[in-house]
Amino acid sequence: MKNNKFESNKKYFTISIYSIVVILIGCIIFRLVNNWASTVGILTDLWNTIFPFFIGFLIAYVMNPVVYLF
């Protein structure tokens, strides 16, 4: 009599998770390229939101040695 019990294999589980992640990333990239106009709009809005913080961090980075001097 054979024992047909399911045996989990960590190696194959890891490979399947990586495969699913790669397929999902591929689908996301395809969707972004396929809808390029809306992607550019979203990236522009995101950049316009982040830009003031970026400038603030840049000014703080440049002014840090001067403040440390005093």
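Hydrogens, waters and symmetry mates play no part in the numbers below; they use all other heavy atoms, side chains included.
- Side-chain contacts under 4.5 Å among hydrophobic residues (ILVMFWY), followed directly or transitively, place V66 together with F70.
- Contact record, T39 with L32: OG1-O, 2.9 Å, taken as the closest heavy-atom pair.
- Shown here are the side chain to side chain contact (heavy atoms under 4.5 Å, CB included) partners of K10, two or more places apart in sequence or in another chain: T14.
- To the nearest 0.5 Å, atom OG of residue S16 and atom NZ of residue K11 are 12.5 Å apart.
- Residues passing the side chain to side chain contact (heavy atoms under 4.5 Å, CB included) test with Y61: none are found, sequence neighbours excluded.
- Residues satisfying the side chain to side chain contact (heavy atoms under 4.5 Å, CB included) criterion with I25, sequence neighbours excluded, are V21, I29.
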For a quick test of your reading: what N or O donor-acceptor pairs under 3.5 Å do the side chains of residues 40-56 make, sequence neighbours left out?
from	atom 1	to	atom 2	distance (Å)
T44	OG1	V40	O	2.7
N48	ND2	T44	O	3.3
T49	OG1	D45	O	2.9

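- By the side chain to side chain contact (heavy atoms under 4.5 Å, CB included) test, F30 is found to be paired with N34, residues two or more places apart in sequence or in another chain being considered.
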